[in-house]
Amino acid sequence: MFVFDLKRADIFKRVNWSKWPIFQWAKSIKQLFFVLCVIFLLLGLYEFLVTYSTESSNFGFGLIFFTLVVAFWYIEIFWHNLKHSSDVKDILKKGEENMASVLDFETARIASEAIRSARSRRLKNLSAAVYMERAITINPDLAIVFARIMIDLDTIRKSLIEEINRQEKGKFEWSFTDDFQNLFIDALKSATERKNNLIRTSDILGVFVSRDVFRKPLIDASLKPKDVKNLLFWLDNFRKEQEEKKKFWTMKNLLKTGSIAKDWAAGYTVLLDQFSVDVTNAMRKQGFREIFAHRSEVETMEAILARRERNNALIIGESGSSRRSMIQSLANRSAMGECAGDLNYRRVVLLDIPRILASNSNIKESEIILDKIFQEVVFAENIILVIDNLHNYIGDVSAQRLGAAEISGLISSYLDSPGFKLIGITTYDGLHSHIERNSQLLSLFEKVEVVEISEEETIKIIQDRALQLENKYKILIPWQSIRDTVTLSAKYIVNLPFPEKAMGLIDEAAIATAQKRKKVVLPSTLAELITSKTQIPVGEIKEEEKETLLNLESLIHQRIINQEEAVVNIAKAMRRARTEITIRKGPMGAFLFLGPTGVGKTETAKALAEIYFGSENKMIRLDMSEFQAIKDISRIIGSTEENGLLTTPEERSFFRSVAG
Amino acid sequence: MQRDILSFWLVWHFFEAPKEIIQAWKNFLLFNLHYFSIPTLLRTFFSYWHKYSWSYGRGFDLKVWVEVALSNIISRVIGAIVRSILIALGLLSELSIFLAGFIVLLTWLLLPFLFIAGIILGLNLII
């Protein structure tokens with residue numbers, strides 16, 4: 001049962017009140033009175049200085065205007081409160097009773113405008129189209145959303161108006177069309193899922209973008225309804241966070257100021273300070289900005305560090321998987337008192353071992369300094385020590401490398417003590433080839449494995465990054481570019497993990513756009529960057545390539561006679577892969593050509609390499625008869641001693657054909 | 001629930017907004033204690049100043065013992081003095097926050113009357 005009763009909904013009263021001129025003009029009147037107040041007070045002051053009399057009427061006017069400034073400021077606050085106060089507890093139950101009572105101020109305002117519009121257009125019912133037309137016209141936030149997905153609002157509005165004109169005319173009789181009802185029922189669901197207590201404009205638009213009106217514009221902008229939804233909810237959250245940040249009186253914001261004297265009972269660490277970076281201090285200077293990546297891993301790490309025994313954590317992950325940000329996150333949480341009891345208000349310090357090694361002529365002196373530093377850490381009692389690239393300092397003494405040393409003997413005597421909390425950062429490679437060989441040392445650490453973060457999490461990080469870049473270079477990064485950054489880097493950049501590769505790509509794209517003095521980072525810019533890095537054509541298909549793709553069969557036939565089946569299948573696979581109809585992992589196509597010698601099996605592969613991939617050299621040819629013994633495998637896939645015939649050229653550029 | 005704007009305003013001005021102000025007041029009072037680390041300082045009141053302390057060493061030598069004991073006591077006393085200064089500062093600011101919050105709350109509650117008073121006073125000055 002759908003009930004949409006404005007009369008019984010508190011919010012519509014407030015919408016009506018908020019339209020009163022006194023509220024609309026409050027801000028301007030306040031400013032006017034402020035200017036008058038200042039003028040009269042200055043006049044009064046001038047008079048006082050000249051005549052020494054306080055009996056001037058100027059002060060009287062000044063006081064009256066001051067009172068009025070405060071009064072209109074008060075009215076402004078009251079108006080703001082009219083918009084934002086809410087007494088809804090259970091949105092689902094209330095929504096079923098009366099949908100109109102669970103709208104937030106903006107959706108309610110649009111609804112009341114929509115009803116007025118339906119009346120003036122002499123419509124019998126209120127439809128979703130009327131509502132959305134009003135929403136697009138009067139809500140400034142939606143303009144921002146549409147700018148970010150590069151959709152022209154006017155075309156949408158035109159098609160909405162066309163739809164409205166087709167509707168049944170007559171006297172408005174307070175009834176609602178089915179699509180209007182469904183729109184709000186779905187929006188209610190969406191709001192409940194997001195755990196909001198009111199339906200917001202973003203919920204309604206999020207539902208509405210899957211309707212017919214948006215089908216063509218979305219396809220033109222290469223978007224799916226889900227993309228728009230993601231964008232809407234992101235902007236919503238962003239705005240909510242900004243609002244929260246403004247409320248300086250909340251405990252969370254007050255705590256960001258930090259505190260003093262928490263370390264007065266802790267010892268000084270003179271040597272350590274000389275050879276380290278204080279992460280806590282660095283984060284304080286940045287105002288303890290929030291860090292998103294690897295939440296659960298940070299919590300695991302905290303649990304390990306808080307223990308009495310085996311309280312050393314070893315963070316393992318590929319470089320670029322933002323392991324350092326875990327340290328920053330820990331420093332943040334410790335400084336704000338959010339950790340488990342014992343870890344709060346500790347200094348997180350990154351030890352710079354290469355600097356110690358560089359400042360001494362021989363390893364013995366470095367060892368003495370390092371030992372003193374470790375003593376200081378134990379003595380001070382409020383330090384969480386971090387060593388980056390721990391594998392450089394464990395095992396393998398024979399190799400004389402710069403910035404590397406063997407400290408496992410020294411460090412393991414400290415790792416035991418409960419006052420010594422160490423976080424080691426290493427890679428899988430370093431773990432296997434160095435640290436694992438010292439099982440006694442490894443047993444003093446608890447491992448925290450950092451997996452590459454998912455595409456969804458990366459999108460969140462890239463969104464944040466995009467906002468920073470927009471501010472820095474004065475450009476706009478539309479949603480499509482954010483999405484493509486993640487999908488393209490996932491597909492075509494293989495030797496780096498997320499979020500590093502996506503961050504690198506969006507940074508480069510922003511710089512490239514700024515250099516060309518353009519305002520918008522287009523998806524094509526990203527595609528061009530990927531193409532120039534990998535020589536793989538991505539993005540929109542250019543004329544020349546289109547010709548090649550469409551005529552691939554005849555082009556191959558210039559070299560190959562007959563073999564119709566093979567040629568057609570190859571051409572189909574190439575077109576399918578290039579147009580990204582199906583998104584698949586692995587190669588664009590895998591074919592097995594069978595036949596006697598001389599029918600053109602190799603020639604077909606060569607032809608494809610030359611025509612589509614540019615040159616016969618783009619082909620890797622493996623004669624499988626060479627690789628019959630097990631020991632030959634390493635010649636194909638490579639090993640630490642030799643390059644692989646297949647893998648090494650592949651790592652450089654993996655746009656090529658392989659024939660065997 | 002049906003409300004007219006007057007009752008809405010009454011509830012907001014005399015109930016909802018003061019509740020918010022009191023909440024903020026409470027936040028500031030608690031945060032001030034945290035900022036000056038007063039609980040921590042009280043707990044470690046007689047601790048050494050930044051752990052500066054001396055070892056008594058092996059054996060017993062009255063002269064050394066007195067010397068070390070004196071040095072250690074001095075470290076503790078310095079710690080206690082500096083801590084009590086900060087605690088005093090913290091309490092002072094706690095008191096001023098308490099007063100400021102009280103004034104803000106009172107001003108807010110009396111604001112409608114203050115508007116009237118302001119206008120009347122201004123008119124008196126003019127005439």
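Proteins get letters first, then strands, A, B, ... in listed order; numbering begins at 1 in each.
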Original post:
Run the side chain to side chain contact (heavy atoms under 4.5 Å, CB included) check on His13(B) and Tyr74(A) step by step: do they pass?
Top reply: CA-CA 10 Å; His13(B) 183 90; Tyr74(A) 177 83; 2.4 Å; yes
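- Below 30°, between 30° and 60°, or above 60°: for His34(B) and Tyr345(A) the angle between ring planes is between 30° and 60°, a tilted geometry.
- Most heavy-atom pairs under 4.5 Å with chain A: of the set Trp9(B), Phe36(B), Tyr52(B), Tyr48(B), this distinction falls to Trp9(B).
- Side chain of Lys51(B) to main chain of Ala380(A): no donor-acceptor pair is present (N/O by atom type, distance under 3.5 Å, no hydrogens or angles).
- Here the CD1-CZ distance, from Ile126(B) to Phe61(A), works out to 4.0 Å after rounding to the nearest 0.5 Å.
- We find the CG-CG distance between Leu63(A) and Leu121(B) to be 5.5 Å, quoted to the nearest 0.5 Å.
- For the pair Phe8(B) and Asn81(A), the minimum side-chain heavy-atom distance is below 4.5 Å.
- The neighbour count for Leu42(A) CG, taken as heavy atoms of other residues, nucleotides or ligands under 6.0 Å away, is above 12.
- With a 4.5 angstrom heavy-atom cutoff, Arg83(B) touches chain A via backbone and side-chain atoms both.
- For Ala261(A), the parts lying under 4.5 angstrom from a heavy atom of chain B are both the backbone and the side chain.
- The distance from the CD1 atom of Ile5(B) to the OG atom of Ser18(A) is 9.0 Å, given to the nearest 0.5 Å.
- For the atom pair NZ (Lys262(A)) and OG1 (Thr40(B)), the distance works out to 4.0 Å, reported to the nearest 0.5 Å.
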**OP:** Take Ile77(A) and Trp12(B) through the side chain to side chain contact (heavy atoms under 4.5 Å, CB included) test and state the conclusion after the steps.
**Re:** CA-CA 11 Å; Ile77(A) 300 177; Trp12(B) 173 71; 3.7 Å; yes
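- Ranked by non-hydrogen atom pairs under 4.5 Å with chain A, the options Gly79(B), Pro112(B), Gly118(B) are led by Gly118(B).
- Using cut-offs of 30° and 60° on the angle between ring planes, the pair Tyr268(A) and His50(B) is parallel.
- Among Leu111(B), Val82(B), Thr44(B), the residue with the largest count of heavy-atom pairs under 4.5 Å with chain A is Val82(B).
- For the atom pair CZ of Phe115(B) and CG of Leu68(A), the computed distance is 9.0 Å after rounding to the nearest 0.5 Å.
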**OP:** Could you check Leu125(B) against Ile64(A) for side chain to side chain contact (heavy atoms under 4.5 Å, CB included), going step by step and ending with a plain yes or no?
**Re:** CA-CA 10 Å; Leu125(B) 277 177; Ile64(A) 289 178; over 6 Å; no
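- How far CD1 of Ile119(B) is from CZ of Phe65(A): 9.5 Å, rounded to the nearest 0.5 Å.
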